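Just below is one structure, and these are the notes that go with it.
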Amino acid sequence: MLFTGDVVSENVALTTEAQNCAVLDTACTKSVSGIEWFETFVESLPEEEVARIKFVPSKCTFKFGAGPKLNSLGQYSIPATVVGKDVTIITDVVDADVPLVLSK
């Protein structure tokens with residue numbers, strides 16, 4: 001699937017379809033998610049997994065397509081399961097309506 005982020009309705013559809021899932025982006029240098037995706041994901045976790053989430057400040061900026069640069073609200077280590085294996089994903093969070101974009 002090719003997603004450019006230029007059409008708002010496509011962005012909303014992608015964010016909805018990717019709820020509690022990640023979108024793989026091999027061109028992305030760092031993993032990033034929108035605040036809404038992040039909050040929904042955290043709400044879906046059991047309390048013991050929420051307790052494992054770690055936060056560190058981040059000064060990273062992100063740009064999606066022709067949109068503006070977005071400053072990170074912070075970097076979070078979140079528990080996840082990938083192909084049946086428990087992992088920790090490190091992601092910055094931005095004030096944008098984007099799903100978890102998982103970098104290589």
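Quick caveat: nothing in here was measured; it's all calculated off a predicted structure. Residue indices begin at 1 and follow the sequence shown.
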Does some side-chain heavy atom of Val42 sit less than 4.5 Å from a side-chain heavy atom of Val50? yes

Under 6.0 Å from the NZ atom of Lys63, do we count more than 12 heavy atoms belonging to anything else shown? yes

Identify the two heavy atoms, one from Leu100 and one from Ser33, that lie closest to each other, and give their separation to 0.1 Å. CA-CB, 3.7 Å

Which heavy atom of Cys28 sits nearest a heavy atom of Val101, and at what distance? SG-CG1, 4.1 Å

Determine whether Leu45 and Ile78 make a side-chain contact, defined as any pair of heavy atoms from C-beta on separated by less than 4.5 Å. no

Nearest non-hydrogen partners of Ile90 and Ser31, listed with the distance: O-CB, 3.4 Å

As an exercise, state the distance from CG of Leu102 to SG of Cys21, rounded to the nearest 0.5 Å. 11.5 Å

Rounded distance (nearest 0.5 Å) linking atom NZ of Lys69 with atom CZ of Phe64: 13.5 Å

Quick one: are Phe62 and Asp92 in side-chain contact, heavy atoms under 4.5 Å? yes

Test item: side-chain donor near acceptor, Thr81 and Asp86, under 3.5 Å: yes

If I compare all heavy atoms of Ser58 with all of Lys30, which pair ends up nearest, and what's the gap? OG-NZ, 4.4 Å

Please report the closest heavy-atom contact between Arg52 and Val87, naming both atoms and the distance. NH2-O, 4.5 Å

Flag side-chain contact, heavy atom, 4.5 Å: Val93 against Glu39: no

Do you know the tightest heavy-atom contact between Phe55 and Leu73? CE1-O, 3.7 Å

Tell me whether Phe38 shares a hydrophobic cluster with Val56, the cluster being built from Ile, Leu, Val, Met, Phe, Trp, Tyr side chains joined at under 4.5 Å. no

Student check: side-chain heavy atoms of Ile53 and Pro79 closer than 4.5 Å: yes

